[in-house]
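We name chains A, B, ... by the order of the sequence lines, and we start the count at 1 in each one. For clarity, every value in this text was computed on a predicted model and none was experimentally measured.
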There are 2 protein chains.
Amino acid sequence: MELSISESEYKKRIEKVRKVLKRRGLDALYLTNPTSIFYLTGYSFIPTERPAALVIPLDGRITFMGPLLEKDHVPLKTRIIEKVETYLDYPGEKHPIEHFAEFLKEMGLAKKRIGIDNKAGATGMWGYKGPPITQKLPEAKFVDMADLVPKMRLIKSPAEIALIKESAKWANLAVSLLQEYATEGSWDVEVALAASLETTSIMKKTLGVDFEPLKNIFPVSAGFRGQIGEMSAIPHAIGTRHRIKSGDVLIAEAAVEIGGYSCELERTMIVGMPSAKQKRYFQFMVEAQEAAIQAMREGVECSEVDKASMDVFKKAGLTHMVRHHTGHGLGLEGHEPPWLDIGNREKLMAGMVVSCEPGIYEVGFAGFRHSDTVLITKDGCELITYYPKNLEQLTIT
Amino acid sequence: MELSISESEYKKRIEKVRKVLKRRGLDALYLTNPTSIFYLTGYSFIPTERPAALVIPLDGRITFMGPLLEKDHVPLKTRIIEKVETYLDYPGEKHPIEHFAEFLKEMGLAKKRIGIDNKAGATGMWGYKGPPITQKLPEAKFVDMADLVPKMRLIKSPAEIALIKESAKWANLAVSLLQEYATEGSWDVEVALAASLETTSIMKKTLGVDFEPLKNIFPVSAGFRGQIGEMSAIPHAIGTRHRIKSGDVLIAEAAVEIGGYSCELERTMIVGMPSAKQKRYFQFMVEAQEAAIQAMREGVECSEVDKASMDVFKKAGLTHMVRHHTGHGLGLEGHEPPWLDIGNREKLMAGMVVSCEPGIYEVGFAGFRHSDTVLITKDGCELITYYPKNLEQLTIT
């Protein structure tokens, strides 16, 4: 089992970028998006107020420009980046963007056509201030290329799919441990950390010395995120002060990073014997998810998938309980295109990987949502995640 | 012990915003920055591709505009927000920014002067695309007010300082557990999760039913972030595949959220008897930190503090081992202004809270950095974090 994307695949991605640059008459690509930089090089860094960028010239060395504290890090993690240019720190005696302009001049790009994903030249977090890079290189022509890498990421390669499948194995273990540890009286954060620790330990033992997360500090992110009892009605809850009690609906979820990639797996669980109302909502949620999965295949509009699950809720008279669309793409980021949304007319393509997670929510009562990771194929789709979905197996007694 | 900022303090912050709006002749403030929104309302949400904004009219109801999935969440978490306007989801049949323009029209702001922190009108994560809000309200006059809330955050109130001090207690416990659990053969991620779990459990028991993280899913973030052995020479390492072994330098760190606020505490530890070289670097690092602390007081330029620590390294002939400046502000975000940087001529003011963390790093060998959280006072400064700093107590045997 490979635990990361191979160097040759990263090189192919770079080649693809250069083909686009050539076709568009561009001399270089300037990227600030950390996910785009990771996708093309395998290099991940902690984004801060300190500007950082990757420059891919049509001809010439692939260069990372960033703070001095990344200098020794880059060569340890990637051979795709061929040169590292740094400034001491932000804000510095000379602003980092001034340094970047000089580095670009030294690369012979001062009067060239440069594709860019962000005309500020920096992501601009945490109180960062600075002039746009476009202003510091007034003779260069900057062309918006924010879409280039995100578009490349839409269709997953066999290697990417293999990493997401490996992630699913461990997410399955993490969710099973959440279910095991979620006893009455326990607090969701404690259950989450215990399941994450246990999953991490078994992963390290099984995957061996080579295993380490590349993008996240912690490879396993498992828990309930506050979705306990009444708070399960809040799809984007953050936490809850309440301990788990009998009668609670829980939404358990896990993501596990393998080589930068992750699946998404979520399960609705019930503590104690489910009530008739809980059973009813649970059942419609499962049906809605099944309807969406049945609708997925290459060539189908994303909106059709959303419509398929929403139709189930509509027929059941539960539309007022819907709080979000059916799903989203995933892989390198928590959410990414394509959006399984009624307003999205884009067509699904084989190799896309999406979450399927229609849900219903009643304030003051509970929420019901499973999420699975689904690979789109020519003829239909393939479920990458595989934890049980039926209420019997998700009842905690 | 209060575990969060009081409603009356949030109201005072809003009043202060409205005073500035009035003085600047503005009719409303439009904010997209999640930290600014939290600072003014106590409301935290998970930022995604879905646009969200807070609108504070000079007169009229404070309104959160966002996806439907936040609708039921807002009133559970804050009474500062008086109205919630939502769209179903992104991208939607009608773009969220179109909805936002309509909400602003309904608020009577279509032709008014609106302060804004981001002219796109949305933070724009994860593949988001959309027109700027400024384009959708062409008769409104938008004025850049990106600095307003960050400036308000610079000087911490007594309540904010109390929360950071409470955070320091728990960070102290977390670092002591990291030191206890960091035995030969253990993997940094496992030690990190075990210490985080133990600290979290004790916190929940001690702080009681009211305790929950407001901003983060996990209240405790403790670990080494890969800074083990040779990887400790990489200040922004993310992970390491190597298990802890005798002779390793470790950099342990902890942050703990209390009511949205956190301190920063980091300690360099050595496994087994320190070598002469390790002792030497460790000692200069401690001296550099002490020099910076001695330099801190109201009225001193930030650059002077950076210079004080760097002078220690310079005299020792270790300038080539420096990889970053001395520190940064903190409180709500990992890093925030003021920057303790040679290029920053701003003056320290009483009530600012900063990290003090000069470090030295040798590739292939190790890194040495303590970080403490420091409160600036009229006469000097006060250390908020308080774990032992001397090598004897940081030697793991």
Side-chain angles (χ1 to χ4, degrees), chain A residues 44-46 48-49 67-73 76 89-94 126-127 150 187 189-190 192-194 196-197 200-201 204 209-219 223 225 233-241 323-325 333-337 339 341-344 361 363, chain B residues 44-46 48-49 67-73 76 88-94 126-127 150 187 189-190 192-194 196-197 200-201 204 209-215 217-219 223 225 233-241 323-325 333-337 339 341-344 361 363:
Chain A
S44 186
F45 57 97
I46 301 173
T48 70
E49 69 284 357
L68 182 59
L69 57 72
E70 295 295 345
K71 190 185 176 73
D72 305 320
H73 195 198
L76 292 177
D89 213 327
Y90 171 85
E93 293 182 288
K94 185 160 88 176
W126 285 353
W187 189 41
V189 178
E190 293 173 273
L193 287 168
S196 298
L197 172 56
T200 300
S201 290
K204 184 66 179 169
V209 285
D210 280 347
F211 175 64
E212 63 171 329
L214 299 185
K215 235 178 46 189
N216 302 318
I217 296 164
F218 296 102
R225 205 179 13 80
I234 309 298
H236 275 198
I238 291 172
T240 179
R241 54 186 68 181
R323 293 287 178 276
H324 55 76
H325 56 210
E333 291 182 303
H335 299 182
E336 42 183 78
W339 315 108
D341 182 278
I342 192 71
N344 185 11
Y361 307 88
V363 195
Chain B
S44 187
F45 58 98
I46 301 174
T48 69
E49 69 284 357
L68 182 59
L69 57 72
E70 295 296 345
K71 190 185 175 71
D72 305 320
H73 195 197
L76 292 178
L88 174 52
D89 213 328
Y90 172 85
E93 293 182 288
K94 184 160 87 178
W126 285 352
W187 189 40
V189 177
E190 292 173 273
L193 287 168
S196 299
L197 172 55
T200 300
S201 290
K204 184 66 179 168
V209 284
D210 280 347
F211 175 64
E212 64 172 329
L214 300 185
K215 234 178 47 190
I217 296 164
F218 296 101
R225 206 177 15 80
I234 309 298
H236 275 200
I238 291 172
T240 179
R241 54 185 69 181
R323 293 288 176 276
H324 55 75
H325 56 210
E333 291 182 303
H335 299 181
E336 44 184 77
W339 315 109
D341 182 277
I342 192 71
N344 186 11
Y361 307 89
V363 196

If you count heavy-atom pairs within less than 4.5 Å of chain B, which of Ile217(A), Ile238(A), Ile234(A) leads?
Ile238(A)
Option that, when pairs with chain B are counted at under 4.5 Å, heavy atom only, ranks first among Thr240(A), Thr48(A), Asp210(A), Thr200(A):
Asp210(A)
In terms of heavy-atom proximity below 4.5 Å to chain A, should [X] be classed as side chain, backbone, both, or neither?
X: Leu76(B); answer: side chain
X: Phe45(B); answer: backbone
X: Val189(B); answer: both
X: Trp187(B); answer: side chain

Parallel, tilted or perpendicular: which fits the ring planes of Tyr90(A) and Trp339(B), with parallel below 30° and perpendicular above 60°?
perpendicular
Lys204(A) and Arg241(B): side-chain contact (heavy atoms from CB on, under 4.5 Å), yes or no, with the steps?
CA-CA 9 Å; Lys204(A) 184 66 179 169; Arg241(B) 54 185 69 181; 4.0 Å; yes
Distance (rounded to the nearest 0.5 Å) between Glu49(B) CD and Asp341(A) CG:
9.5 Å
Roughly how far, to the nearest 0.5 Å, is the CG atom of Leu68(B) from the NE2 atom of His325(A)?
11.5 Å
Looking at residues at least two apart in the chain, or sitting in another chain, which of them share a side chain to side chain contact (heavy atoms under 4.5 Å, CB included) with Ile342(B)?
Glu93(A), Asp306(B), Lys307(B)
Contacts of type salt bridge (charged side-chain N to carboxylate O under 4.0 Å, His left out), residue Glu333(A), not counting sequence neighbours
Arg153(A)
Contacting moiety of Pro91(A), where chain B heavy atoms sit under 4.5 Å
both
Structural part of Lys71(A) lying under 4.5 Å from a heavy atom of chain B:
neither
How far apart are the C-alpha atoms of Leu197(A) and Glu190(B), what are their side-chain angles, what is the distance that settles it, and do they pass the side-chain contact (heavy atoms from CB on, under 4.5 Å) test?
CA-CA 6 Å; Leu197(A) 172 56; Glu190(B) 292 173 273; 4.2 Å; yes
